[in-house]
**Q** 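Dropping a structure here in structure tokens format, bear with me for questions.
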Amino acid sequence: VTTPWTRAHGLSKKEATQPGVMADDARSMVQELAYLIHTRVDVMPVVRFMQRHVAPDAWTKECDVALQRTYRYIKGSAEYGVNCVYVKDDTLSLELWSDADMAGDKDTRKSTAGGIMLLTGENGTRAMLGALCKLEPAISTSSAESETMAHVMGMKKLTLPMLVVIGNMITNVKSMIDAEACIKAI
């Protein structure tokens, strides 16, 4: 399995009609995966999806497939994870990378915000300090609005807390956004 994400994650609750057979064990298995996402951010979106459907009446056959596929993906990609490199006396910067999927949740039409906070240096320092994957609180009317909300959420949840903790070591804060309209709005 090369990716934990499948078409099943795009189904709405109306489309997913068959109840899942793993509903009884799903809560504990998804909790195990939630612990793992601190070092395996590549599975964060699918874990967040399963967390929204973990109630026995919301767990479907498609959720069963997603859970099994995620465990197979983790088994086949055990070498992945977070690597940290620190170079002594490096000039340190914070980098926030953010993105959003416009109306990705088919039930609510809400977008999912994603972000990652990196500590980087001119001489090769590189470490992941945090990650974010969360359903946005409101429905966006445009991709620019969705991207802007994702970036603001990343600044609020990732950048500002890091500045409070290690702000005296940081010389620069960079925002990495892939949407041109969002860049113009900010």
Side-chain angles (χ1 to χ4, degrees), residues 1-5 9 30-52 70-71 73-105 110-140 142-186:
V1 177
T2 58
T3 176
W5 201 256
H9 300 99
V30 171
Q31 283 177 339
E32 290 172 2
L33 291 172
Y35 180 76
L36 180 69
I37 62 175
H38 297 290
T39 58
R40 292 291 304 268
V41 294
D42 53 335
V43 297
M44 188 180 281
V46 70
V47 172
R48 294 291 188 231
F49 165 82
M50 288 186 285
Q51 286 177 323
R52 289 194 304 266
T70 303
Y71 271 95
Y73 170 75
I74 290 168
K75 183 179 179 185
S77 61
E79 71 279 1
Y80 294 177
V82 176
N83 294 322
C84 299
V85 177
Y86 176 71
V87 178
K88 190 175 178 182
D89 299 325
D90 204 351
T91 305
L92 300 176
S93 299
L94 286 178
E95 286 184 14
L96 172 66
W97 293 77
S98 64
D99 198 7
D101 70 337
M102 175 67 180
D105 187 293
K110 292 181 180 178
S111 304
T112 301
I116 188 167
M117 174 61 59
L118 300 173
L119 179 68
T120 60
E122 294 175 359
N123 299 325
T125 295
R126 191 158 190 85
M128 186 191 79
L129 300 178
L132 167 77
C133 180
K134 185 174 169 67
L135 209 57
E136 291 180 358
I139 298 171
S140 300
S142 69
S143 63
E145 181 183 358
S146 178
E147 295 281 346
T148 303
M149 286 180 65
H151 193 68
V152 169
M153 195 180 295
M155 291 293 283
K156 194 165 125 180
K157 303 267 186 194
L158 296 172
T159 304
L160 294 178
M162 285 300 153
L163 286 174
V164 170
V165 175
I166 59 172
N168 61 335
M169 299 168 43
I170 304 302
T171 59
N172 193 9
V173 177
K174 300 175 187 174
S175 292
M176 310 308 220
I177 309 166
D178 68 346
E180 196 68 33
C182 178
I183 293 168
K184 289 178 183 175
I186 293 177

**Q** Kindly indicate whether the side chain of Tyr73, heavy atoms from C-beta on, has any atom under 4.5 Å from the side chain of Asp42.
**A** yes
**Q** Grab the two heavy atoms, one from Lys110 and one from Pro137, that are nearest each other, plus how far apart they are.
**A**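 Heavy atoms only, the tightest pair is NZ-O, 3.4 Å.
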**Q** Between CG of Leu129 and SG of Cys84, what distance do you get to the nearest 0.5 Å?
**A** 8.0 Å
**Q** For Tyr80 versus Arg40, what's the shortest heavy-atom pair and its separation?
**A**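 Closest approach of Tyr80 to Arg40: O-CD, 3.5 Å.
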**Q** Please find the pair of heavy atoms, one from Ser140 and one from Met149, that lie closest to each other, and give the distance.
**A** OG-SD, 3.7 Å
**Q** Does Arg48 have any salt bridge (charged side-chain N to carboxylate O under 4.0 Å, His left out) partners at least two apart in sequence or in another chain, and if so, which?
**A** none
**Q** In Å, rounded to the nearest 0.5 Å, how long is the span from CG of Leu118 to CD1 of Ile116?
**A**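 Separation between the atoms: 5.0 Å.
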**Q** Only one of Leu94, Leu158, Asn168 passes side-chain contact (heavy atoms from CB on, under 4.5 Å) with Leu163; say which it is.
**A**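 Going through the options one by one, the only one that passes is Leu94.
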**Q** Nearest 0.5 Å please: distance from the OG atom of Ser146 over to the CD atom of Glu136.
**A** 4.0 Å
**Q** Mind checking what makes side-chain contact (heavy atoms from CB on, under 4.5 Å) contact with Thr112, not counting sequence neighbours?
**A**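 For Thr112, the residues satisfying side-chain contact (heavy atoms from CB on, under 4.5 Å) (neighbours in sequence not counted) are Asp101, Cys133, Leu135.
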**Q** Would you give the length of the straight line joining atom OG1 of Thr39 to atom CE of Met128, rounded to the nearest 0.5 angstrom?
**A**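 Reported to 0.5 Å precision, the distance equals 8.0 Å.
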**Q** Do you know the tightest heavy-atom contact between Lys174 and Asn172?
**A**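 Lys174 and Asn172 have their closest heavy atoms at CE-ND2, 3.5 Å.
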**Q** Where is the tightest heavy-atom contact between Ile170 and Val173, given as atom of each residue plus distance?
**A**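 The pair with the smallest heavy-atom distance is CG2-CG2, 4.3 Å.
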**Q** Please check if the side chain of Ser98 supplies one atom and the backbone of Ile177 the other of a donor-acceptor pair under 3.5 Å.
**A**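 Not a single qualifying donor-acceptor pair exists.
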**Q** When rounded to the nearest 0.5 angstrom, what distance separates CG in Leu36 from CD1 in Ile74?
**A** 5.0 Å
**Q** Which value, rounded to the nearest 0.5 Å, describes the distance between Glu145 atom CD and Met102 atom CE?
**A** 7.5 Å
**Q** Name each donor-acceptor pair under 3.5 Å that joins a side chain in residues 119-127 to protein atoms two or more places apart or in another chain, with its distance.
**A**
{"residue": "Thr120", "atom": "OG1", "partner": "Glu95", "partner atom": "OE2", "Å": "3.4"}
{"residue": "Asn123", "atom": "ND2", "partner": "Asp90", "partner atom": "OD1", "Å": "3.4"}
{"residue": "Thr125", "atom": "OG1", "partner": "Val87", "partner atom": "N", "Å": "3.0"}
{"residue": "Thr125", "atom": "OG1", "partner": "Asp90", "partner atom": "OD2", "Å": "2.8"}

**Q** Indicate yes or no: at least one non-hydrogen side-chain atom of Val43 is less than 4.5 angstrom from one of Ile37.
**A** yes
**Q** Which pair of non-hydrogen atoms, one from Met155 and one from Ser175, has the smallest distance, and what is that distance?
**A** SD-OG, 4.1 Å
